Amino acid sequence: MSKNVFIRVFRFYYEGFTNMTVGRKLWAIIIIKLIVLFAVLKLFFFQDFLGSKFENDQERSDYVIEQLISPK
Amino acid sequence: MIENFDLSLVDWSRGQFALTAMYHWLFVPLTLGLAFIVAIMETIYVRTGNPEWKRITKFWMTLFGINFAIGVSTGIILEFEFGTNWSNYSWFVGDIFGAPLAIEGIMAFFMESTFIAVMFFGWNKVSKKFHLLSSWLTAFGANLSALWILIANGWMQFPVGMKFNPDTARNEMMNFWDVALSPVAINKFLHTITSAYVLAAIFVVGISAWFLLRKRHILFSKRSIIVASVFGLTSSLYLVWSGDGSAYQVAQKQPMKLAVMEGLYEGKEGAGIIVFGVLNNDKEYNDDQEAHHFKVEIPKLLSFLGYRNADAFVPGIKDIVEGGYTYVDENGQTHTALSAEEKMKRGKMALNSLAAYKQAKADGADSLQHASLQSLEENFQYFGYGFLNDPASIIPNVPMTFYSFHIMVALAFWFMLVFIVALYFVYKNQIEKQKWFLRLAFVTIPLAFVASQCGWIVAELGRQPWVIQDIMPTVAAVSQIDTMAVKVTFFLFLIVFTALLVAEIGIMRKQIQIGPKDE
């Protein structure tokens, strides 16, 4: 067994992943899910509203205060 | 949840958040509870050296892994929604919400991710004791993640430890420990995680019952039932205790929620708690109709549970809207409750003071700026009431909250009974012969999820209209975005989450049918 801790850790994960059975399917689901969440939903549907609309925190503060004090 | 399906932006945003939170909460409690059950089983294996316990541990660990993998990162969507749909809220809560969520993210990553790998890949590669330690740390890590989320939620129910900065429109944390150790947050955490333990225990008992019904893995199933029932019964007792603590906090901090949970319109001394009841849905808070068509109640118990005094006055919905009753605050001082109308006036004063402060600052009018700031601070506790136009709008959805609460409580006692009966039959060595009980135990599995969801409906719907209690109503929290975008993502989430749920059930079903593997 190698004494290098990094090699041992790498082998630990490598062998763990290669010996998976049901885990392979689960990892496929996790990867597809993360792609859908971050590459589709976050990118196209869930942009940070204040972050994308204003340049700096002062503008964001002013906008939120305006929202709060404007009569509904 | 949506009380009125008018297609407004607020309702769709609320509906979307409820949908994602409820789907997320299908996965989380099973992870929280099953992690501990697996760790207990592995502890027995390490102490006894009996390979049958290793087999038992590995089977439930596989189901834990499936649930963890499918459920992981479903909560991230809620954070997406904060930034997109609830930007006013996200900005307003400032670092109070951000700090616990950041700690949660770091802890979840380092503790869960690291030790889960050892749990699944480490059999026969690391020592038995280190493997066991990893299983326990995974369980603690998952529960610690829940702690930070629930601290954030507890703050929304009872905002403490912060000061509103009118220059930035953000609440700034003044005392981290006031936020982290708030009695509402602590009770919420204890009650929520123990409910998760009970759910997981019911899951293990139910699946084991299914094996027994098919005369498969008899010893495996009996041993699983013993561990799960002892764990579940212990958790159930703690659940009752923490539920009492939560109800006490609700009585002190959110009296309207308590009144709605019980359908109590007219307050009274020595109020009873309803065991079973049918609400009169036509009842308005200010009319003379009976609140219930039918009810069975335990006298004085609500007063005792809410105020530790069997004769204490419990304000009803009408009292809270109209004010005028006396109550004692957490410092022991007696006050006369303000009416919702008076609170609305003070809330509007706070909002006008904020506007005047901003204007005075822009104009360089120092004395006016100072006076406006003082008025804002004096009335800030009613800030959220300034957004309301009708005193009755402080009443949450009574039927949804009332029935959810009573279903949750009734099911909690049912689960306790299931654990007791399971242990009795195992002790008598008769459990595999009790087909009726095994069937009941199996069909109880979905009921555990129903109870868990009901708990969140009570917690979240019961505090409407507030997104932050008394400080910010839902209507002021939402971003001004296109309603159509929210509708589209609502249905996208519905599809994604349903697909995940179907995948979870399918993969789990297959693994359960395969059953525990021989070493």
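This one's a predicted model, so the numbers in the text were calculated from it and none came from an experiment. In the text below, chain A, chain B and the rest are named by the order of the sequence lines, each starting its count at 1.
Contact annotation for B/F68: neither backbone nor side-chain heavy atoms come within less than 4.5 Å of a heavy atom of chain A. Contact of A/I32 with chain B is not made at all, since no heavy-atom distance falls under 4.5 Å. Contacts of B/E504 with chain A are absent, with no heavy-atom separation under 4.5 Å from either backbone or side chain. For B/A503, the part lying under 4.5 angstrom from a heavy atom of chain A is the side chain only. Looking at B/D167, the atoms closer than 4.5 Å to chain A (heavy atoms on both sides) all sit in the backbone: N, CA, C or O. If you measure heavy-atom distances from B/K348 to chain A, you find no contacts under 4.5 Å at all. For B/L500, the part lying near chain A is the side chain, with the backbone staying farther off; criterion is any non-hydrogen pair under 4.5 Å. Interface remark: A/I29 contributes side-chain atoms only to the contact with chain B (heavy atom separation under 4.5 Å). Only the side chain of B/T62 comes within contact range of chain A, judged by heavy atoms closer than 4.5 Å. Using a 4.5 Å cut-off between heavy atoms, B/L351 contacts chain A through both its backbone and its side chain. For B/V486, no part sits under 4.5 Å from any heavy atom of chain A, backbone or side chain. Both the backbone and the side chain of B/I66 come within contact range of chain A, judged by heavy atoms closer than 4.5 Å.
Counting non-hydrogen atoms of neighbouring residues, nucleotides and ligands closer than 6.0 angstrom, the OH atom of A/Y13 exceeds 12 such neighbours. By the 6.0 Å contact criterion, CD on B/Q513 is enclosed, its count of non-hydrogen atoms from other residues, nucleotides or ligands being greater than 12.
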(request) Test side-chain contact (heavy atoms from CB on, under 4.5 Å) on B/W91 and A/D57 and set out the steps. (result) CA-CA 10 Å; B/W91 187 261; A/D57 280 355; 3.6 Å; yes
(message) Run the side-chain contact (heavy atoms from CB on, under 4.5 Å) test on A/L68 and B/M472 for me, step by step, so that the C-alpha distance in whole Å, both residues' side-chain angles and the decisive distance to 0.1 Å come before the verdict.
(response) CA-CA 10 Å; A/L68 296 178; B/M472 179 175 257; 3.8 Å; yes
(request) Begin from the C-alpha positions of A/L41 and B/L492 and carry the test side-chain contact (heavy atoms from CB on, under 4.5 Å) through to its verdict. (result) CA-CA 9 Å; A/L41 292 173; B/L492 274 176; 3.8 Å; yes
(message) Is there a ring pair (Phe, Tyr, Trp, His ring centres under 6.0 Å) between A/F38 and B/F80? Walk through the geometry before answering.
(response) CA-CA 10 Å; A/F38 287 97; B/F80 292 175; 5.5 Å; yes
(request) Tell me, with the steps shown, if A/K33 and B/V496 meet side-chain contact (heavy atoms from CB on, under 4.5 Å). (result) CA-CA 8 Å; A/K33 180 170 60 178; B/V496 169; 5.7 Å; no
(request) I would like to know whether A/E15 and B/K125 meet salt bridge (Lys or Arg N to Asp or Glu O under 4.0 Å); could you show each step before the answer? (result) CA-CA 10 Å; A/E15 287 170 13; B/K125 287 183 182 167; 3.4 Å; yes
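B/F59 is linked by a ring-ring contact (aromatic ring centres under 6.0 Å, His included) to B/F211, B/F220, counting only residues two or more places apart in sequence or in another chain. B/H131 meets the ring-ring contact (aromatic ring centres under 6.0 Å, His included) test with B/W123; sequence neighbours excluded.
The minimum heavy-atom distance linking B/A169 with A/V64 is given by the pair CB-CG1, 4.2 Å. In plain terms, the two heavy atoms of A/L26 and B/A69 that are nearest each other are CB-CB, 3.8 Å. Of all the heavy atoms in B/G122 and A/F12, the pair that sits closest is CA-CE1, 3.6 Å.
Side-chain contact between A/K42 and B/E79: absent, with no pair of heavy atoms (C-beta onward) separated by less than 4.5 Å. B/T168 places none of its side-chain heavy atoms less than 4.5 Å from the side chain of A/Q58. The closest side-chain heavy-atom distance from B/N85 to A/F46 is below 4.5 Å.
Checked against a 6.0 Å centroid threshold, the rings of A/F45 and B/F493 do not count as neighbours.
A distance of 10.0 Å separates NZ of A/K53 from CD1 of B/I481, quoted to the nearest 0.5 Å. In this structure, OH in A/Y63 is found 7.0 Å from OG in B/S479, a value given to the nearest 0.5 Å. To the nearest 0.5 Å, the span separating OG on A/S70 from CD on B/Q480 amounts to 9.5 Å. For the atom pair A/I69 CD1 and B/Y357 OH, the distance stands at 12.5 Å (nearest 0.5 Å). Note: A/Q67 CD to B/F92 CZ = 13.0 Å, rounded to the nearest 0.5 Å.
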